[in-house]
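Structure record follows, encoded as structure tokens.
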Amino acid sequence: MLNVNIKSKAFSSSEGEYLAVLKDLSFECADRSFTCIVGPSGCGKTTTLRCILGLDSDFTGSITVAGETGSQKVSAVFQEPRLLPWRTVEQNVRLALKEVEESSLDALFEVLGLSAHRAFYPTELSLGLARRASLARAFAVEPSVLILDEPFVSLDEDTAIRLRKLLLKVWSDRSCTALMVTHNLTEAIALADRILFFSGDPARVGGDYLINVPRSERDEETITSIRRDIKNTVNSPAASGDR
Ligand code: ADP
Ligand code: MG
């Protein structure tokens, strides 16, 4: 279980102004659930994820994973794949691993369609392949919580659809608690059990929507009807999402 309770998070601007970005932001993600966060640009989604990841500890409040702060593995996939350019795909994935179970690693490369690319360098990869390599790296450590920040942005739609399917496959094989930011409501509906709608200034959870339809039944028509239901029932500007 991931429990986020941020009382306040602020930045100071270069002019010394105080900018409150998050205030009384609290939510929980159940074990092995898949939650998406949708919200306007600049409202504080990435800031929230950075606090959860421990990359920014300058906030008041608490964040706990499975009841014990910092005791469980949390891994992340960012918008940019962030692979080390002088290491191969395989070396990039192995970098974070202490002990490696080879068969598990083979299976991970296989399910992500990367078996043939293990010896490639990042510069030899398309953006879609680089994103898959970054998913492999995140899953390889067997995290209990996986944080994703717009991992499929700026891919063509066909590639994005393929990657969403791969993500679901690997996530259901190696179940962990997933929390993903996306600005694409269709993507959120395709992937999540639950969508949190953030509203900004300072950010808080303005809407909370549970999706009860099994993922296998979420075809185009069903997604359209879920979108309609969200628009009618969730009272948050982000819920009328344009995509
Ligand atoms: P989102 O991911 O929802 O688009 P961010 O969390 O990146 O938004 O940013 C939220 C707000 O905090 C924005 O107004 C942004 O300009 C500001 N911000 C983010 N990081 C910093 C920083 N390091 N210093 C000052 N302001 C920041
Ligand atoms: Mg962001």
Side-chain angles (χ1 to χ4, degrees), residues 2-29 34-65 74-83 127-128 130-131 134-135 137-138 143 145-155 157 159-160 163-164 167 177-192 194-209 230-231 234-243:
L2 169 68
N3 191 317
V4 176
N5 190 355
I6 299 174
K7 295 261 174 265
S8 87
K9 163 71 198 161
F11 289 111
S12 351
S13 70
S14 46
E15 291 86 43
E17 258 174 81
Y18 178 86
L19 177 70
V21 179
L22 312 174
K23 188 150 179 37
D24 295 324
L25 176 74
S26 71
F27 61 90
E28 287 176 358
C29 299
F34 198 128
T35 305
C36 279
I37 296 175
V38 174
S41 176
C43 79
K45 303 179 298 297
T46 296
T47 303
T48 305
L49 298 188
R50 288 177 51 81
C51 291
I52 296 171
L53 285 163
L55 298 173
D56 189 335
S57 53
D58 183 21
F59 65 91
T60 59
S62 65
I63 292 170
T64 53
V65 178
V74 182
S75 71
V77 178
F78 300 96
Q79 214 166 308
E80 325 79 52
R82 299 193 184 182
L83 302 166
L127 181 59
R131 292 257 170 89
S134 115
L135 281 174
R137 185 182 48 189
V145 176
L146 176 67
I147 301 290
L148 307 111
D149 195 358
E150 306 204 36
F152 305 140
V153 77
S154 58
L155 291 174
E157 191 52 18
T159 309
L163 259 66
R164 281 174 211 148
L167 170 62
T177 305
L179 178 64
M180 170 168 152
V181 163
T182 173
H183 61 263
N184 183 331
L185 186 55
T186 300
E187 174 167 278
I189 297 170
L191 294 174
R194 179 183 174 206
I195 305 177
L196 298 176
F197 293 93
F198 275 26
S199 38
D201 248 354
R204 55 180 193 85
V205 179
D208 187 342
Y209 186 87
I230 289 174
K231 206 168 178 173
V234 179
N235 183 21
S236 165
S240 55
D242 49 4
R243 290 224 267 151

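Order of listing sets the numbers, starting from 1, for every ligand and every atom in it. All values below come from the heavy atoms of this structure, side chains included, with hydrogens, waters and symmetry mates left out.
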Checking a contact table here: which protein heavy atom is nearest atom 24 (N) of ligand 1, and how many Å away?
Phe11 CD2, 3.6 Å
When you measure from the Mg ion (ligand 2) to the N, O or S atoms of Thr46, does any of those distances fall below 2.8 Å?
yes
How far apart are the C-alpha atoms of Leu185 and Phe197, what are their side-chain angles, what is the distance that settles it, and do they pass the side-chain contact (heavy atoms from CB on, under 4.5 Å) test?
CA-CA 10 Å; Leu185 186 55; Phe197 293 93; 3.8 Å; yes
Measure the spacing between CG of Leu49 and CG of Leu148 and express it to the nearest 0.5 Å.
8.5 Å
Strictly distance-based, threshold 3.5 Å: is any side-chain N or O of Arg82 a donor or acceptor partner for the main-chain N or O of Ser134?
no
For a side-chain contact (heavy atoms from CB on, under 4.5 Å) check, start with the C-alpha distance between Val4 and Leu179, then their side-chain angles and the critical distance, and finish with the verdict.
CA-CA 11 Å; Val4 176; Leu179 178 64; 5.5 Å; no
Could you tell me whether Val21 approaches ligand 1 through its side chain, its backbone, both or neither, with non-hydrogen atoms closer than 4.0 Å?
side chain
Just jot down the ligand 1 atoms closer than 4.0 angstrom to any heavy atom of Ser41, in number order.
4 (O)
Heavy atom of Gly39 under 4.0 Å from ligand 1?
no
Would you confirm whether any non-hydrogen atom of the protein falls under 4.0 Å from atom 15 (C) of ligand 1?
no
So Val77 and Met180, side-chain contact (heavy atoms from CB on, under 4.5 Å) or not? Walk me through it.
CA-CA 9 Å; Val77 178; Met180 170 168 152; over 6 Å; no
Numbered in order shown, the ligand 1 atoms found under 4.0 Å of a heavy atom of Thr46 are 1 (P), 2 (O), 6 (O), 7 (O)
Checking heavy-atom distances from atom 5 (P) of ligand 1 to each of Asp149, Leu19, Thr47, the winner is Thr47
Which of these, Gly42, Ser13, Pro40, Ser14, has its nearest heavy atom closest to atom 11 (C) of ligand 1?
Gly42
Would Glu28 and Asn3 count as having a side-chain donor-acceptor pair, cut-off 3.5 Å?
yes
So the salt bridge (charged side-chain N to carboxylate O under 4.0 Å, His left out) pairs with at least one residue in residues 15-26 (sequence neighbours excluded) are none
